[in-house]
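Encoded as structure tokens, the structure appears first; notes follow it.
Read the numbers this way: they start at 1 and go in the same order the structure lists the ligands and their atoms.
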Amino acid sequence: MEALIGVLPGDGIGPEVMAEAQRALRFIEKKYRHHFVYREALIGGIAIDSQGHPFPADTRKLCAEADAVLLGAVGGPKWSDPDSNVRPEQGLLGMRSAMGVFANLRPVQTHPALYAASPLRSERLAGVDILVVRELTGGAYFGRKERTPDSATDVCTYTRAEIERVLRMAGELARTRRRKITSIDKANVLETSRLWRSIATELYAREFPDVKLDHMYVDAAAMHLLSRAADFDVLVTENLFGDILTDEASMLTGSLGMLPSASLNAEKRGLYEPIHGSAPDIAGRGIANPCGTILSAAMLLRHSLGLETEALAIEQAVITAIESGCRTADIALPGKSPVSTGDMGDAVLRALDTQ
Ligand code: NAD
């Protein structure tokens, strides 16, 4: 297959982890005889420095044309003055809204080889395989905001159409998994949640009778994610709840450096990025864990290009590399020297080669 992939390395460790993800994609291209064209563009702080804007016109054009976009990370202390009116994160928000990516997918799987890196006891981690689907372009983050010296307001609005499209995407994804959805809200308090819950009940009964639906309040979900995470399959929720629960869920796997994400629009064109930031504290030292970005490339193959076999090949290769003991500092085994970003990428390529 032919595809145009937008490559946005960004700031900090972004370019370091992106290089390894691209090596994995090139390997897949060769092995499975695809032809991917990679076009690189600037985003975030580096774009502010060279073009005065965190999401310049060239990058916007690339995002409109590409079949999928792979992003490293944006931001860093150089651009973090809260009083500045251009900031790297505006590039991310601009890109999400330009691409219309309304559903953010974060898979959270635990693996015995990484139990020790999690703050939770291993008996809480066995068999965890969750996909969190977070609504990304509505709710309080995008509502009207007001501020006086003594009060502040953030309006949270959701329309039926916004709720239905993300619930539908979660339903389709549940059909590729264990067919269980937990819809998370705060329907005992919030009007938006009551609308969310009633639409979820109707829509899943009508369109997804083969998928089992449960509703859960967000406070209970926060607790159950730590006490019985293995019971969940797909979690679907609104923007603010999803933001918090996805970070909480990430701790099940141990390191931020391991986790990928995808943000999809209705045509499944997507933006793929590791969940971590630009890690300025370790940038430029060649020690960042590239697995979250490599696994984001696997999600790109699966969701935007429909290449499931190739996606699974990368995912399996990452597990094999980690099981072989090859680990960056964030997931290193006690008493064993950590490897560099490039060595970790090499180990993934070796594992791909021997599959
Ligand atoms: P961060 O995710 O960059 O780092 C948090 C901690 O995790 C740091 O100690 C870092 O060294 C470590 N870490 C992160 N990724 C790692 C990896 N791949 N391998 C090994 N260790 C890793 O979060 P932060 O420090 O709060 O933010 C730093 C900058 O990144 C800020 O400017 C923030 O705005 C930005 N940020 C960007 C994104 C994004 O691009 N999507 C997301 C979050 C934060």
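- Taking a 4.0 Å cut-off on heavy atoms, A288 registers as neighbouring ligand 1.
- Other residues, nucleotides and ligands contribute more than 12 heavy atoms inside 6.0 Å of the CZ atom of R206.
- Side-chain contact between I294 and V318 is present, with at least one heavy-atom pair separated by less than 4.5 Å.
- Under the 3.5 Å distance criterion, with hydrogens and angles disregarded, a donor-acceptor pair is assigned to the side chains of S255 and D330.
- Both L300 and V7 belong to a single network of hydrophobic side chains, linked directly or stepwise wherever heavy atoms of I, L, V, M, F, W or Y lie under 4.5 Å apart.
- Distance check on atom 27 (O) of ligand 1: every protein heavy atom falls at or beyond the 4.0 Å cut-off.
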Handout entry: CA sep, side-chain torsions, deciding dist, call: S296, T293, side-chain hydrogen bond (donor to acceptor under 3.5 Å, both in side chains)
Key = CA-CA 5 Å; S296 299; T293 317; 5.6 Å; no
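- Here the closest non-hydrogen pair linking T341 and E16 is CG2-O, 3.8 Å.
- At a 4.0 Å heavy-atom cut-off, ligand 1 does not touch P77 at all.
- Scanning all protein heavy atoms for the shortest distance to atom 3 (O) of ligand 1 gives A279 N, 2.8 Å.
- By the criterion of a heavy-atom distance under 4.0 Å, neither the backbone nor the side chain of T328 is placed next to ligand 1.
- For atom 22 (C) of ligand 1, the nearest non-hydrogen atom of the protein is I282 CD1, 4.0 Å.
- Heavy-atom separations between S80 and ligand 1 are all 4.0 Å or longer.
- Residues A24 and I314 share a closest heavy-atom pair of CB-CD1, 4.4 Å.
- Nearest to atom 30 (O) of ligand 1 by heavy-atom distance, out of S278, G44, A283, S261, is S278.
- Per-residue contacts place V74 under 4.0 angstrom from the following atoms of ligand 1 (heavy atoms of the residue considered): 30 (O), 35 (C), 36 (N), 37 (C), 40 (O).
- Residue G277 approaches ligand 1 through these ligand atoms, each under 4.0 Å from one of its heavy atoms: 1 (P), 2 (O), 3 (O), 30 (O), 36 (N), 37 (C), 38 (C), 42 (C), 43 (C), 44 (C).
- S261 places a side-chain N or O within 3.5 Å of a backbone atom of E273 that can act as its donor or acceptor partner.
- Within the 4.0 angstrom cut-off, atom 24 (P) of ligand 1 has no protein heavy-atom neighbours.
- With hydrogens left out, the protein atom closest to atom 14 (C) of ligand 1 is H276 CB, 3.6 Å, a heavy atom.
- Set against the non-hydrogen atoms of G75, the atoms of ligand 1 under 4.0 Å away are 32 (O).
- Checked by atom type, the side-chain pair S84/W79 shows no donor-acceptor distance below 3.5 Å.
- Heavy atoms from both the backbone and the side chain of N289 come within less than 4.0 Å of ligand 1.
- The protein atom (non-hydrogen) at minimum distance from atom 16 (C) of ligand 1 is I13 CD1, 4.0 Å.
- Of all the atoms in ligand 1, the ones that sit under 4.0 Å from a non-hydrogen atom of E273 are 41 (N).
- Listed by number with element, the atoms of ligand 1 under 4.0 Å from a non-hydrogen atom of A73 are 40 (O).
- Of all atoms in ligand 1, numbered sequentially from 1 with element shown, those under 4.0 Å from a heavy atom of L92 are 39 (C), 40 (O), 41 (N).
- A pairwise comparison of heavy atoms in L120 and L125 identifies O-CD1, 3.7 Å as the closest pair.
- Using bins of under 30°, 30° to 60° and over 60° for the plane-to-plane angle, the ring pair H303/Y272 lands in the parallel bin.
- For T253 and H111, the side-chain atoms include no donor-acceptor pair closer than 3.5 Å.
- Under the 6.0 Å distance and 45° angle rule, R134 does not count as a cation-pi partner of F241.
- Ring-plane geometry between Y38 and F36 is classed as perpendicular, the angle between the planes exceeding 60 degrees on a 0 to 90 degree scale with a lower cut at 30.
- For atom 7 (O) of ligand 1, the nearest non-hydrogen atom of the protein is L256 CD1, 3.7 Å.
- Distances from atom 31 (C) of ligand 1 to the heavy atoms of P338, S250, P290, G76 show the closest one on G76.
- Only the side chain of D330 comes within 4.0 Å of ligand 1, judged by heavy-atom distances.
- The nearest protein atom to atom 8 (C) of ligand 1, hydrogens excluded, is given as D281 OD2, 3.4 Å; this is a heavy-atom distance.
- Numbered from 1 in the order shown, with element, the atoms of ligand 1 that lie under 4.0 Å from a heavy atom of E89 read 32 (O), 33 (C), 34 (O).
- Remark: ligand 1 atoms within the under-4.0 Å shell around heavy atoms of G257 are 17 (C), 18 (N).
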